[in-house]
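Order of appearance sets the numbers: ligands from 1, and atoms from 1 within every ligand.
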Amino acid sequence: MGRVAGKIAFITGAARGQGRAHAVRLAEEGADIIAMDICGPIDTSVAKPATPEDLAETARLVEKAGGRVHTFQGDVRDFAALKAGLDEGVAALGGLDIVVGNAGMWSYGLVEEIPLEAWNTILDINLTGVWHTVRAAVPHLKAGGKGGSIILTSSVAGLKAYAHCSPYVAAKHGVVGLMRTAAVELGEFSIRVNTVNPSNVRTDLIHNETTYHLFAPDLENPTWEQVAPRFQGMHLLPSPDVLPEDVANAVLFLASDESKRTTGLTLTVDCGNYTK
Ligand SMILES: NC(=O)c1ccc[n+]([C@@H]2O[C@H](COP(=O)([O-])OP(=O)(O)OC[C@H]3O[C@@H](n4cnc5c(N)ncnc54)[C@H](O)[C@@H]3O)[C@@H](O)[C@H]2O)c1
């Protein structure tokens with residue numbers, strides 16, 4: 001028996017990176033997956049866009065792991081479309097038990113310089129989009145009558161501050177506030193709500209020229225080998241980053257009944273990140 005056997009999980013931002021890792025890890029442990037992603041460009045994002053092929057690859061990997069899968073393309077900023085896609089997925093797979101609000105993006109700038117559009121996009125996706133996800137999912141969890149587990153992807157930036165990242169830090173702190181409020185409201189229905197708070201994760205979100213430059217403004221074309229020691233400087237454990245699979249294992253624990261008496265937790269996966 002898998003650790004989440006028979007459960008159905010909804011994951012946003014599932015085309016690649018951490019979202020894909022969560023989908024595959026949960027499927028390996030017996031879950032069926034509703035996977036959604038925007039699969040396209042986002043204005044002001046520093047990462048390259050995910051593609052429909054990326055989401056199809058996630059679906060292939062879920063099926064290979066033994067899970068059933070329902071995918072849809074959509075934007076977490078569009079509540080009506082998100083709800084319609086989720087409703088369809090729940091009808092196709094037969095219920096909902098686990099929700100992973102993972103979709104997110106980032107861009108940067110000093111607090112007095114960051115463009116208004118960048119601020120608004122980050123808040124719309126990384127905070128309001130997560131609320132949309134919770135809002136669309138809770139009626140299904142309540143209707144199932146078996147409780148459920150909601151896991152929201154915050155960040156170490158949801159617990160402490162980083163220069164050049166004010167909208168990201170504000171949104172990820174906001175996700176922690178949303179999680180805590182939802183945990184208070186939903187506890188009586190046995191619906192648990194927790195966050196994962198990763199440090200640097202090995203995905204396209206940080207593995208790009210713009211982010212490398214932020215860590216190494218003194219270098220012209222910094223490479224990973226050059227910036228890795230600076231990432232390492234944030235960590236107690238001897239690793240400059242964490243892997244998507246490390247975060248997926250934390251998500252699996254929070255999704256499974258092993259954490260059935262845990263709610264309102266901020267679960268760090270951060271190599272002992274000790275930035276202020
Ligand atoms: N990589 C890191 O260092 C790190 C650290 C802490 C937290 N996080 C958070 O982890 C989450 C996953 O990021 P990742 O590291 O896997 O990066 P990623 O860029 O590989 O994956 C993010 C996914 O979210 C999707 N997405 C973005 N905006 C969307 C929208 N409006 N609607 C639907 N899908 C959308 C993207 O298309 C992409 O597939 C994000 O919330 C991110 O902020 C990342």
Please report which non-hydrogen protein atom sits nearest to [atom], along with the residue it belongs to and the distance in Å to one decimal place.
atom: atom 6 (C) of ligand 1; value: Pro198 O, 3.3 Å
atom: atom 31 (N) of ligand 1; value: Asp75 OD1, 2.8 Å
atom: atom 22 (C) of ligand 1; value: Gly104 O, 3.7 Å
atom: atom 13 (O) of ligand 1; value: Gln18 NE2, 3.8 Å
atom: atom 24 (O) of ligand 1; value: Gly13 CA, 3.5 Å
atom: atom 7 (C) of ligand 1; value: Ser154 O, 3.3 Å
atom: atom 18 (P) of ligand 1; value: Arg16 NE, 3.5 Å
atom: atom 1 (N) of ligand 1; value: Thr203 OG1, 3.1 Å

Close aromatic pair by centroid cut-off 6.0 Å: Trp224 and Phe231: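 Yes.
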Hey, would you say the Tyr212 and His207 ring centroids sit under 6.0 Å apart? yes
Ligand 1 N/O within reach of [X] N/O, cut-off under 3.5 Å:
X: Ile38; answer: yes
X: Asn102; answer: yes
X: Ile125; answer: no

Between [Y] and [X], is the closest basic N to carboxylate O distance under 4.0 Å?
X: Arg202; Y: Asp241; answer: yes
X: Lys7; Y: Asp257; answer: yes
X: Arg60; Y: Glu63; answer: no
X: Asp37; Y: Arg20; answer: no

Check the pair Lys83, Asp78 against salt bridge (charged side-chain N to carboxylate O under 4.0 Å, His left out), reporting the backbone distance first and the verdict last. CA-CA 9 Å; Lys83 181 183 179 313; Asp78 181 345; over 6 Å; no
Where on [X] is there a heavy atom closer than 4.0 Å to ligand 1, on the side chain, on the backbone, on both, or on neither?
X: Ile42; answer: side chain
X: Ser199; answer: backbone
X: Tyr168; answer: side chain
X: Val201; answer: both
X: Ser45; answer: neither
X: Lys172; answer: side chain
X: Ala103; answer: both
X: Ile206; answer: side chain

Specify the closest pair of heavy atoms between Leu252 and Arg3, including all atoms of both residues, with the distance to one decimal. CD2-NH1, 3.2 Å
What heavy-atom pair brings Leu93 and Ile8 nearest, and what distance separates the two atoms?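 Nearest heavy atoms, Leu93 then Ile8: O-CD1, 3.2 Å.
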Kindly determine whether His140 and Phe10 satisfy side chain to side chain contact (heavy atoms under 4.5 Å, CB included), including the steps that lead there. CA-CA 11 Å; His140 290 294; Phe10 174 46; over 6 Å; no
No-hydrogen, no-angle side-chain donor-acceptor test under 3.5 Å, His213 and Asn221: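 No, no side-chain donor-acceptor pair sits under 3.5 Å.
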Would you say Thr51 and Asp54 are linked by a side-chain donor-acceptor pair, where the criterion is simply a distance under 3.5 Å?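 Side-chain D/A pair, Asp54 to Thr51: present.
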For ligand 1, which atoms sit closer than 4.0 Å to a heavy atom of [X]?
X: Asn200; answer: 3 (O)
X: Gly74; answer: 32 (N), 33 (C)
X: Gly17; answer: 16 (O), 20 (O)
X: Ala50; answer: 37 (O), 39 (O)

Determine, considering heavy atoms only, which of Asp37, Thr12, Thr153 sits nearest to atom 9 (C) of ligand 1. Thr153
List the steps, then state whether side-chain hydrogen bond (donor to acceptor under 3.5 Å, both in side chains) holds for Lys160 with Asn273. CA-CA 10 Å; Lys160 47 189 109 175; Asn273 180 305; 3.3 Å; yes
Run the numbers on Thr262 and Arg192 for side-chain hydrogen bond (donor to acceptor under 3.5 Å, both in side chains), then give the verdict. CA-CA 7 Å; Thr262 298; Arg192 303 179 294 104; 5.6 Å; no
Could you go through the side-chain hydrogen bond (donor to acceptor under 3.5 Å, both in side chains) check for Asp32 and His70 one step at a time? CA-CA 8 Å; Asp32 296 322; His70 178 92; over 6 Å; no
Can Pro49 be said to touch ligand 1, with heavy atoms closer than 4.0 Å? no
